[in-house]
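Notes follow once the structure below has been shown.
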Protein chains: 2
Amino acid sequence: MSYRMTTRTTGALRRLAIVAIALGAAAVGPAAARPAVAQTVGATEQAAAQEVGAEWAIAVHGGAGTARRESMTPELESRYAAALTAALEVGGEILASGGSSLDAVEAALRLLEDSPLFNAGKGAVFTHDGRNELDASIMDGASLAAGAVAAVHHVKNPISLARRVMEASPHVMMAGVGAEEFALEQGIELVPATYFFTESRWQSLQRAREAERRADAEPVGALGDRLGTVGAVALDRHGNLAAGTTTGGMTNKRFGRIGDSPIIGAGTYADNRACAVSGTGHGEFFMRNAVAHDICARVLYLEESIGEAADAVVMGVLVEQGGDGGVIAMDPEGVIAMPFNTPSMLRGYLTSEEGPVVEIFRE
Amino acid sequence: MSYRMTTRTTGALRRLAIVAIALGAAAVGPAAARPAVAQTVGATEQAAAQEVGAEWAIAVHGGAGTARRESMTPELESRYAAALTAALEVGGEILASGGSSLDAVEAALRLLEDSPLFNAGKGAVFTHDGRNELDASIMDGASLAAGAVAAVHHVKNPISLARRVMEASPHVMMAGVGAEEFALEQGIELVPATYFFTESRWQSLQRAREAERRADAEPVGALGDRLGTVGAVALDRHGNLAAGTTTGGMTNKRFGRIGDSPIIGAGTYADNRACAVSGTGHGEFFMRNAVAHDICARVLYLEESIGEAADAVVMGVLVEQGGDGGVIAMDPEGVIAMPFNTPSMLRGYLTSEEGPVVEIFRE
C-alpha cells in the first residue's frame, strides 16, 4: 500500500518520472546513454526503488523486515505510515526553510526514536540480559565528519549523542559507560533504563528465549528480530548530504554484539561527491561488505547512478551472500533509491517536488 | 635503516625489482601500459612503498609514529627490528608450509601482542582512567568473514578473540564485558588487568595527564600517543588474502573511544578480488574515509595497482585532511605497498622471494 499524503503532493506521477529520468541520467557519466530509472527498475524488478531529483529531499526508513501485507492490520499500517510521514515532515520543514541536512536527519530520527513503534530509542528491543542497548551514527557529507555511539543504555536519543560526538569531541565513536559519561558532560538527556520498557518488545524477548530453550538452534534471535533499524538521508538547499542510522539492535542479543548501525561505512555513510546511505537489515553482512561506503564508491569510481549502485549491492552482493536488508540512498542531485531484498521495508520520502510518499510492502 | 636479515634473503634486489614490475603491471587492467612500480615511487617520493610479487607473502607493521632516527637508540632499533622479524618468520613459516593466511596473520600478531614494545596486548597504553582497553579485528579475504572486538580489558591476545568471534559466532563485532563473556565461554585466555602494566606506558599516561593539567589544550593525548597499532596482511599458497589489526588505543583516551582498528572497512579489510589492508595512525581519519575498504575499492573499481591505491589514500586523501598514518596493503599477486605520511612506520615483509626486510624510517 502506498500512502501519498495530500498535504504536500505537487507534481503528477508522470512529471515525477520525467524528472527522475532526467536527473538520474544526469548523475551518471559514461553510462549517460542508459535510462537510469528504467535500468534500475528493470534490474531489481521488485526492488521498489524510487528515483526523484530535487532542490531538497529527505528519505527515511523504519527498518527492513519480514512483515507481509496479510499479517499486518490496517490500523498498524496507518500508525507506521503516520509516524514516517511525521518524520519526513519535520525534516522537510527544516530543509524547505534552508536548514541543514544534518538538522533534518537528526530531527526526523529523534521523532522515530521517541515512537514505541520502531526498534530505536523508546521502542528498542531487549538483549538476552533484558536490557536495551542502543547504537547510532551520523555523518556529514560536506566534511566527512562523523559521530557514532554504541552500547548505550540510558540515552533517550542516541542520534543526538552521535551528533554531539561528531561536533564536540575529536572522536568518531564512543561506546558503553564512557559514551554515557560524555553524554552527561554534554548535557545530553539520560533516562532510567525503565524508559525503554515496552510490553511488546519484552514479549518478543520471552518468545526468543523460549525458542532458544526448545531448539538450541538459533541462539541469537530469529531473523525478524534482527530487522527494524531506523535511518534517514537528506540533501539540503546548500547541496550538502547527510545520513544517520539508529537502532536498538537485535532481540536476545548477547556478548555486547555491535551491528552495522554505528559503523561508519557499513550502516551509514555520506559524501557530497557521491551519496548518503543508511542501511537496515542483517548487520553482519553490511559490515563485511562495507555496504554504505561501497555504494558511494560505486557511484564515485564506477560512475554508476545511485539506483544502479544501491541495487548492485542490495539486490546483487547481499542477495548472493544471503544478507537480508535494504538501504535508503540519495545522490547529490536528490535522486533517491530505496532497494530492499526483504518482504517489506518501511520507507518514505519527501522532496521539494513530491511527497510525502510512504510505503511498507512491495507494490 | 633497512634490516635485511640473511636467513631467508634469496634474490638480488635487481631481480626483486623485475618481479615487482612484472607482477605490479599484471595486477592492473586498463593501466597495464604504465609501469606500476615506477609510477608508485614517483608519486610518493618518500612513501617508501615496496612492491614485490610472490607465491606467498606476509607484511607487518608496528605502528606509524613520530620517531625520528636521531631520537632512537641503536639498541631500541634492533629490539624493534628483532620483534618484527620474529613476527614475519613465524607467519612466513606457516605460509611456506602451505598454511593459511589467517593463521599467519594471527600468529604474527599474537607475537607482537606478547611483546611489551608495541601498543597492543602486553604493551597497551593506558586510558585516562588508568586501564588498558584493547581492540582488534581480523578478516578473511576468501569469504569476507570478519571478526572484531572492542574495549576488552582482560584478553591476553585480542586478535585471537577477534578470530573466534569470526569463526564461532554469527557476529562480526563484540564489545566490552559481553566480549569477555564470549571469551570465557570459548576458553580464550583471560589475564588480570595487571598483566598489561608496563612502566613506560604508565609514565606516558602521567606525562599526558600532566600536560592536560598544564595546557588544557589537547585533552585526548598527544599525536605520538595516538600511533602504535600493530597489523599484518598475508597471502597464502592457496591464493587467499587475510588482514588483521590489534591495538591498545590512545594514551589517556576517555569516553570509551573506539578507533579504526576494530572497524571492518576502516582499519582492516581483506577481499581476495582486490587486497588486504591494515592501517595505523589517527584512527578518526581512517574511519571517516573508510580507508581500508577505500583502498580495496580503488583496486577493484578503478583498476589501480595496490601501490597506486594505497598512495592515493594515504599520501593523497589523508594528507589533505591532516590524517597522520600509514597502511600495509597487499594484492592477490603478493604485491606489497607500505606508504605512510608520518616520519616513521615500523614495518617489514617476508615473501617466497625475498626477506625478511624490516624498516623503521624513510630511506
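Here is the naming used below: chain letters follow the sequence lines, and residue numbers restart at 1 for every chain.
- Neither the backbone nor the side chain of A:Asp260 comes within less than 4.5 Å of any heavy atom in chain B.
- Rounded to the nearest 0.5 angstrom, B:His171 NE2 and A:Arg254 CZ are separated by 9.0 Å.
- Considering only heavy-atom pairs separated by less than 4.5 Å from chain B, the leading option among A:Ala146, A:Ala150, A:Gly178 is A:Gly178.
- Both the backbone and the side chain of B:Asn289 come within contact range of chain A, judged by heavy atoms closer than 4.5 Å.
- Remark: the A:Asn272 side chain and the A:Asn240 side chain contain an N/O donor-acceptor pair separated by less than 3.5 Å.
- Residues meeting the ring pair (Phe, Tyr, Trp, His ring centres under 6.0 Å) test with B:Tyr301, sequence neighbours left out: none.
- A side-chain donor-acceptor contact under 3.5 Å links A:Asn252 and A:Glu212.
- Between chain A and the residues B:His293, B:Arg298, B:Glu180, the largest count of heavy-atom pairs under 4.5 Å involves B:His293.
- In this structure, chain A has a heavy atom under 4.5 Å from the side chain of B:Glu185, while its backbone stays farther away.
- With no hydrogens or angles considered, no side-chain donor-acceptor pair links B:Ser261 and B:Thr245 at under 3.5 Å.
- In this model, no donor atom of one side chain and acceptor atom of the other lie less than 3.5 Å apart for B:His282 and B:Asp324.
- If you measure heavy-atom distances from B:Leu144 to chain A, the contacts under 4.5 Å come from both the backbone and the side chain.
- For B:Phe285, no part sits under 4.5 Å from any heavy atom of chain A, backbone or side chain.
- Heavy atoms of B:Ala175 lying under 4.5 Å from chain A belong to its backbone as well as its side chain.
- Ranking B:Val177, B:Asp294, B:Leu300 against chain A, the residue ahead of the rest is B:Asp294, based on heavy-atom pairs under 4.5 Å.
- Most heavy-atom pairs under 4.5 Å with chain A, from the set B:Gln321, B:Met174, B:Glu181: that is B:Met174.
- Applying the disulfide bond (SG atoms under 2.5 Å apart) test to residues at least two apart or on different chains, the pairs with a partner in residues 271-307 of chain A are A:Cys275-A:Cys296.
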